[in-house]
Chemist: 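This is the structure I have questions about; it appears just below.
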Amino acid sequence: MAGKPSTQHLFANVLTRVHAVCAAELGAGADLSRVVVEPPKDPSHGDMATNAAMVLAKEAGKKPRDLAEQIAVRLRTDDLIASADVAGPGFINLTLKVSVWADTLRTVLGEGHSYGQSAIGAAEKVNVEYVSANPTGPMHVGHCRGAVFGDALASLLVFAGYDVSREYYINDAGAQVDVLARSAFLRYREALGQSIGDIPEGLYPGDYLKPVGETLVAEYGDKLLTMPEAGWLPAVRAKAIAMMMEAIKGDLAALNIRHDVFFSERSLIETGNNRVARTIDFLRAKGDIYEGSLPPPKGGPIEDYEDREQTLFRATAFGDDVDRPLIKSDGSYTYFASDIAYHRDKFERGFRNLVDVWGADHGGYVKRVEAAIKAVTSGKATLDVKIVQLVKLLRNGEPVKMSKRSGDFVTLREVVDEVGKDAVRFMMLYRKNDAVLDFDLAKVIEQSRENPVFYVQYGHARGHSVFRNAREMIPDLPEEAGARAAFLADAALERLNDPAELDLLRRLALYPRTIEAAASAHEPHRIAFYLYDLASEFHALWTRGRDLPYLRFIINNDAEITKARLALVQGVVSVLASGLAVLGVDAPDEMR
RNA sequence: GCGCUCGUAGCUCAGCUGGAUAGAGCAUCGGACUUCGAAUCCGAGGGUCGGGAGUUCGAAUCUCUCCGAGCGCGCCA
């Protein structure tokens with residue numbers, strides 16, 4: 001937010017000041033891009049450290065430590081900085097004035113739920129595509145990681161100032177939706193009282209198609225029975241897809257996941273506006289398409305392999321390993337051909353930043369789509385494909401058995417019903433997206449430190465427990481968060497000077513930085529880990545009050561310190577709620 | 001065979017896009033409940049960051065090369 005005070009992001013604020021000093025020292029032309037200000041690993045090194053002198057020494061023609069000392073001299077006059085010391089190979093360690101931390105808390109209280117918001121997105125348009133599960137049945141548990149990841153990433157990007165569109169690509173054009181239609185037609189006959197026996201191999205056997213059959217009866221009676229397949233298939237297919245998408249949207253709603261755009265693959269080839277054909281023409285005009293044959297694949301013998309001439313996209317010219325076919329032998333487009341047109345459509349809708357969230361089994365597909373995007377946008381758009389790895393579903397450490405019979409998979413809804421939306425969402429995000437994840441149905445509902453979902457939510461609830469207790473002493477402490485923050489903002493915050501309290505304040509100051517780093521890396525898991533750390537420090541301070549009564553939040557004969565500490569608790573609660581909201585996890589006021 | 005991803009404490013994982021002595025949880029061992037809910041906290045031990053080479057002031061992080069695991073590999077989506 002352009003109008004916000006720069007003090008909201010303490011690290012950015014100090015970096016600006018360091019930059020100014022470096023420019024004064026080296027001249028305005030100096031390249032400051034590698035200069036960073038970051039929290040040192042070792043707290044004895046101060047509050048922040050900068051590598052400025054080491055990065056700039058070569059350009060300045062000076063020894064790093066000498067340059068560091070020159071920069072430090074100037075920094076010492078800064079009104080935020082208490083001391084600046086040169087250390088190690090040329091680090092400048094900064095200790096901030098104690099008043100900075102009270103000011104930070106005032107900022108947290110004043111900004112409320114917008115504390116941590118960033119402007120790095122500069123209102124740029126970003127398209128995040130996620131889920132995109134085939135509309136052939138309800139969502140199963142394998143879908144949920146990408147769904148949660150994409151949704152949280154989108155929220156994170158919004159919080160970081162991007163203009164985000166959440167998109168779902170409906171694969172409603174391939175052979176699998178014809179199979180869906182035939183499967184639904186069987187259920188239609190069944191609903192008309194015909195005996196259909198076992199579902200033949202190759203069709204979808206799940207009971208979830210029974211309502212589709214019943215709906216078809218309600219709409220058509222027995223009229224479809226007399227038609228040839230070519231007669232009924234389009235209508236049955238359309239109805240089945242529509243009903244499957246409704247089911248999927250319901251499953252997603254159970255996880256609080258929504259999309260702005262549902263984009264139909266079929267719509268790309270609609271008569272009169274065949275965007276696949278147009279895209280192929282476009283590429284052909286650029287010379288990126290040719291007729292030729294490919295060497296046989298190496299993975300193993302392919303049945304009915306036939307060397308034939310086909311229409312190929314010159315993917316190798318854009319970094320892929322092999323050129324890719326666009327048209328099948330029956331004349332229809334390959335999935336890839338549609339996908340190129342789809343991504344080109346995103347570009348034409350004005351998106352220059354594209355994010356696709358895919359499952360691990362699509363990893364081999366990344367290079368060709370990246371190549372296609374380069375070709376189709378002349379390198380003007382960037383695509384970041386986030387691959388989410390497999391989820392291993394466990395119960396008490398034992399793998400959850402899935403039946404071999406297809407159609408009998410573990411549905412996403414079953415998992416959400418068993419452990420709750422919050423546990424699913426948090427655990428899906430409490431791991432890097434490209435690492436395999438164990439999801440234990442028994443552990444995620446445990447109420448213990450072992451369970452990070454609980455641990456973080458409990459931190460939030462504990463804060464509210466303090467407020468409830470405090471009302472005996474301060475009856476007019478407001479219930480509503482914003483009013484409470486305002487009520488506490490004028491407390492004597494400089495009395496928060498215990499090391500544990502200062503640690504917590506430093507952690508709060510880190511939040512905007514964490515948001516920006518997570519957003520630019522497209523890594524929402526960093527928020528989850530940050531929240532765990534914040535909750536941990538809060539729990540620690542809480543427990544210290546038991547051994548050291550003077551550290552308790554509520555001190556009966558000292559209203560001033562009590563109010564200051566309640567302000568600290570409010571800051572913690574506020575940031576916990578903010579981070580949890582980005583992840584789409586509830587922040588309860590009490591645990592039941 | 002090729003491509004992508006991963007390899008960090010006994011186990012499960014972080015490591016802030018190259019920073020200082022690599023951190024948590026679990027497990028093991030030892031402590032703290034007449035409290036602001038101990039649903040928690042404090043402490044100890046435990047590491048050739050898969051091996052090797054390179055890039056530079058500086059590498060778990062970047063490059064190369066081996067080893068090992070997972071995923072994928074013309075007209076499936």
Side-chain angles (χ1 to χ4, degrees), chain A residues 11 34 36 38-42 45 49 51 54-55 57-58 63-65 87-91 93 132 134 136 171 173-177 265 293-300 302 304-308 310-312 320-332 334-336 338-339 359-367 385 387 389-390 430-432 434-438 446-452 454-455 458-459 461-462 465-466 468-470 510 513-514 516-518 520-521 523 525-526 528-530 532-533 536 539-547 549 552-554 590-591:
Chain A
F11 284 83
R34 292 174 60 215
V36 298
E38 54 191 7
K41 239 176 279 182
D42 184 342
H45 292 146
N51 62 351
M54 292 181 288
V55 174
K58 195 173 276 180
K63 289 182 190 166
R65 285 193 64 107
F91 287 102
N93 292 331
S132 299
N134 285 346
T136 54
N171 300 139
Q176 86 282 355
V177 284
E265 178 185 0
S293 59
L294 290 171
K298 293 279 172 55
I302 305 240
D304 63 359
Y305 173 79
E306 159 199 9
D307 192 14
R308 70 173 188 92
Q310 47 191 346
T311 302
L312 297 171
D320 200 358
D321 309 310
V322 60
D323 293 336
R324 305 290 179 178
L326 300 179
I327 297 178
K328 301 190 233 174
S329 56
D330 68 358
S332 62
T334 60
Y335 179 80
F336 180 51
S338 304
D339 219 10
D361 53 344
H362 287 64
Y365 195 70
V366 175
K367 274 192 180 182
V385 178
I387 297 292
Q389 278 292 340
L390 215 64
Y430 196 63
R431 198 111 306 177
K432 262 184 314 202
D434 47 17
V436 181
L437 183 151
D438 290 345
E446 260 174 37
Q447 300 203 332
S448 75
R449 178 161 199 163
E450 267 192 83
N451 176 5
F454 166 77
Y455 189 74
Y458 179 43
R462 243 185 174 178
S465 165
V466 176
R468 285 190 289 273
N469 286 306
L510 226 37
R513 188 175 187 272
T514 305
E516 289 188 358
S520 50
E523 291 185 346
H525 77 273
R526 296 192 195 190
F529 281 96
Y530 170 84
Y532 186 88
D533 289 342
S536 177
H539 287 310
L541 178 60
W542 172 294
T543 311
R544 283 194 70 202
R546 193 178 39 243
D547 299 331
R552 296 185 174 196
F553 297 120
I554 299 167
E590 53 187 331
M591 307 299 284

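In what follows, chains are A, B, ... by sequence order, proteins preceding strands, each numbered from 1.
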Chemist: Can A:R513 be said to sit on top of A:F11's aromatic six-ring, NZ or CZ under 6.0 Å from centre and within 45° of the ring axis?
Modeler: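 Yes; both conditions hold, so A:R513 lies above the ring face of A:F11.
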Chemist: Just call it for A:A540: base, sugar-phosphate, or nothing, with non-hydrogen atoms closer than 4.0 Å on any strand.
Modeler: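 Sugar-phosphate, backbone atoms only, no base.
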Chemist: Students often get this wrong, so: under 4.0 angstrom with heavy atoms, is A:F454 touching a base, only sugar-phosphate, or nothing?
Modeler: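 Base contact.
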Chemist: Rounding to an integer number of Å, can you tell me how far A:Y458 OH sits from B:rU40 P?
Modeler: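 Rounding to the nearest Å, OH of A:Y458 and P of B:rU40 are 7 Å apart.
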Chemist: What is the separation between atom CZ on A:F336 and atom C1' on B:rC75, rounded to the nearest whole Å?
Modeler: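 In whole Å, B:rC75 C1' and A:F336 CZ are 14 Å from each other.
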Chemist: What nucleic acid atoms does A:H362 come within less than 4.0 Å of, heavy atoms only: base, sugar-phosphate, or nothing?
Modeler: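 If one applies the 4.0 Å heavy-atom cut-off, A:H362 turns out to touch a base.
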Chemist: Using both distances under 3.5 Å as the test, list the Watson-Crick or G-U wobble partner of B:rU63, or none.
Modeler: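 Because both required distances fall under 3.5 Å, B:rU63 counts as paired with B:rA53.
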Chemist: Can you check whether A:K328 has a side-chain N or O nearer than 4.0 Å to OP1 or OP2 of B:rA77?
Modeler: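 Yes, within the criterion.
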Chemist: Students often get this wrong, so: under 4.0 angstrom with heavy atoms, is A:S332 touching a base, only sugar-phosphate, or nothing?
Modeler: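 The residue A:S332 makes no contact with any strand.
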Chemist: Please check: side-chain N/O of A:Q176 versus main-chain N/O of A:N171, any donor-acceptor pairing under 3.5 Å?
Modeler: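 Checking the backbone N and O of A:N171 against the side chain of A:Q176, a donor-acceptor pair under 3.5 Å is found.
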Chemist: Applying a 4.0 Å non-hydrogen cut-off, can you work out what A:R462 is touching in the nucleic acid: base, sugar-phosphate, or nothing?
Modeler: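 Here A:R462 touches the backbone only, sparing every base.
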Chemist: In terms of side-chain heavy atoms of A:D321, which of B:rG19, B:rG3, B:rG74 is nearest?
Modeler: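 So the nucleotide nearest the side chain must be B:rG3.
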Chemist: How far, in whole Å, is B:rA59 from B:rC49 if one measures between their C1' atoms?
Modeler: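 One C1' to the other, the span is 11 Å.
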Chemist: Using a 4.0 Å heavy-atom cut-off, does A:D330 contact any base of the nucleic acid, only the sugar-phosphate backbone, or nothing at all?
Modeler: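 A:D330: no heavy atom of the nucleic acid under 4.0 Å.
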Chemist: Look up atom CG in A:L326 and atom OG in A:S338, then write down how far apart they are to the nearest 0.5 Å.
Modeler: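 Going from the CG atom of A:L326 to the OG atom of A:S338 covers 9.5 Å.
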Chemist: Quick one: which of B:rU12, B:rU40, B:rC36 gets closest to the side chain of A:D438?
Modeler: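 Ranking B:rU12, B:rU40, B:rC36 by closest atom to the A:D438 side chain puts B:rU12 first.
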Chemist: Measure from the side chain of A:P39, starting at C-beta and using heavy atoms only, and say which of B:rU17, B:rC16, B:rG58 lies closest.
Modeler: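 Ranking B:rU17, B:rC16, B:rG58 by closest atom to the A:P39 side chain puts B:rC16 first.
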Chemist: Considering only B:rC36, B:rC13, B:rU40, which nucleotide approaches the side chain of A:R546 most closely?
Modeler: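 Taking heavy atoms from C-beta onward, the closest nucleotide is B:rU40.
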Chemist: Base, sugar-phosphate, or nothing: which does A:S465 touch, judged by heavy atoms less than 4.0 Å apart?
Modeler: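 Here A:S465 touches the bases of the nucleic acid.
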Chemist: Between atom OG1 of A:T311 and atom CG of A:D323, what is the distance when rounded to the nearest 0.5 Å?
Modeler: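 Rounded to the nearest 0.5 Å, the OG1-CG separation comes to 12.0 Å.
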Chemist: How far apart are the C-alpha atoms of A:Y532 and A:R449, what are their side-chain angles, what is the distance that settles it, and do they pass the side-chain hydrogen bond (donor to acceptor under 3.5 Å, both in side chains) test?
Modeler: CA-CA 10 Å; A:Y532 186 88; A:R449 178 161 199 163; 3.2 Å; yes
Chemist: With a 4.0 Å cut-off on heavy atoms, is A:V366 in touch with a base, just the backbone sugar-phosphate, or nothing at all?
Modeler: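 Answer is nothing: A:V366 stays at 4.0 Å or more from every strand.
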Chemist: Does A:E446 reach a base, just sugar-phosphate, or nothing at all? Heavy atoms under 4.0 Å.
Modeler: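 Nothing, no heavy atom under 4.0 Å.
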Chemist: Classify A:V36 by what it touches in the nucleic acid, base, sugar-phosphate, or nothing, heavy-atom distance under 4.0 Å.
Modeler: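 If one applies the 4.0 Å heavy-atom cut-off, A:V36 turns out to touch nothing in the nucleic acid.
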Chemist: Rounded to the nearest 0.5 Å, what separation is found between the CD atom of A:E265 and the OH atom of A:Y335?
Modeler: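 Here the rounded value is 6.0 Å.
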Chemist: How close or far is atom C1' of B:rU12 from atom OH of A:Y430, stated in whole angstroms?
Modeler: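 In whole Å, B:rU12 C1' lies 10 Å from A:Y430 OH.
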Chemist: Let me know the distance between CG of A:D307 and C1' of B:rG74, rounded to the nearest Å.
Modeler: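 For the pair A:D307 CG and B:rG74 C1', the rounded distance is 10 Å.
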Chemist: Among the candidates B:rA77, B:rU40, B:rU5, find the nucleotide nearest to the side-chain atoms of A:Q389.
Modeler: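 Selected nucleotide: B:rU5.
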Chemist: Under 4.0 Å between any heavy atoms, over every strand shown, what does A:F529 touch: base, sugar-phosphate, or nothing? Just pick one.
Modeler: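 Sugar-phosphate, backbone atoms only, no base.
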Chemist: Any donor-acceptor pair under 3.5 Å linking the side chain of A:H539 with the backbone of A:Y455?
Modeler: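 A pair under 3.5 Å: yes.
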Chemist: Could you say whether A:L437 or A:D434 is positioned toward the 5' end of RNA chain B, judged by the nucleotide with the nearest heavy atom to each?
Modeler: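 It is A:D434 whose nearest nucleotide is closer to the 5' end.
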Chemist: Which part of the nucleic acid, if any, lies within reach of A:A470 when heavy atoms closer than 4.0 Å are counted: base, sugar-phosphate only, or nothing?
Modeler: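 No contact.
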Chemist: Which heavy atom of A:A49 sits nearest a heavy atom of A:N93, and at what distance?
Modeler: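 In this case the closest contact between A:A49 and A:N93 is CB-OD1, 3.5 Å.
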Chemist: Under a 3.5 Å cut-off for both distances, is B:rG58 Watson-Crick or wobble paired, and to whom?
Modeler: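 Pair assignment: B:rG58 / none.
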Chemist: Across all strands shown, which nucleotide pairs with B:rG47 by Watson-Crick or G-U wobble geometry, both distances under 3.5 Å?
Modeler: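 Answer to the pairing question: none, since B:rG47 forms no Watson-Crick or G-U pair.
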Chemist: From the set B:rU5, B:rC71, B:rG3, return the single nucleotide nearest to any side-chain atom of A:K367.
Modeler: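 So the nucleotide nearest the side chain must be B:rG3.
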Chemist: So which nucleotide from B:rG74, B:rC36, B:rA77 ends up closest to the side chain of A:N134?
Modeler: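 Selected nucleotide (nearest to the side chain): B:rA77.
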Chemist: Closer than 4.0 Å, any side-chain N/O of A:R449 to the OP1 or OP2 of B:rC41?
Modeler: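 Answer yes for this pair, as a side-chain N or O of A:R449 is under 4.0 Å from OP1 or OP2.
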Chemist: Which listed nucleotide (B:rU5, B:rG25, B:rU56) is nearest to the side chain of A:E450?
Modeler: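 The answer is B:rG25.
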Chemist: What's the closest nucleotide to the side chain of A:R513 if the choices are B:rA14, B:rU17, B:rA77?
Modeler: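 Among the listed nucleotides, the one closest to the side chain of A:R513 is B:rU17.
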Chemist: Using whole Å, what does the distance between atom C1' of nucleotide B:rA32 and atom CG of A:D547 come to?
Modeler: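 The distance from CG of A:D547 to C1' of B:rA32 comes to 6 Å, rounded to the nearest Å.
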Chemist: Would you please determine if the base of B:rA24 is stacked by A:Y532, with stacking meaning a centroid separation under 5.5 angstrom and planes under 30 degrees?
Modeler: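 No, A:Y532 does not stack on the base of B:rA24.
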Chemist: If B:rC13 has a Watson-Crick or G-U wobble mate with both distances under 3.5 Å, name it; if not, just say none.
Modeler: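 Because both required distances fall under 3.5 Å, B:rC13 counts as paired with B:rG23.
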Chemist: Measure the distance from NZ on A:K432 to C1' on B:rA60 and round it to the nearest whole Å.
Modeler: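 Whole-Å distance recorded here is 10 Å.
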Chemist: Measure CZ/A:R526 against P/B:rG23 and give the value in whole Å, please.
Modeler: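 Distance, rounded to whole Å: 19 Å.
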Chemist: How is A:N171 classified with respect to the nucleic acid when contacts are heavy atoms under 4.0 Å: base, sugar-phosphate, or nothing?
Modeler: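 Sugar-phosphate, backbone atoms only, no base.
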Chemist: Going by purine N1 to pyrimidine N3 plus the second Watson-Crick contact, or the G-U wobble pair, all under 3.5 Å, which nucleotide sits opposite B:rC73?
Modeler: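 For B:rC73, the partner nucleotide comes out as B:rG1, under the 3.5 Å rule.
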Chemist: Students often get this wrong, so: under 4.0 angstrom with heavy atoms, is A:N93 touching a base, only sugar-phosphate, or nothing?
Modeler: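 Base contact.
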Chemist: Whole-Å distance between B:rA24 C1' and A:K41 NZ?
Modeler: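 For the pair A:K41 NZ and B:rA24 C1', the rounded distance is 14 Å.
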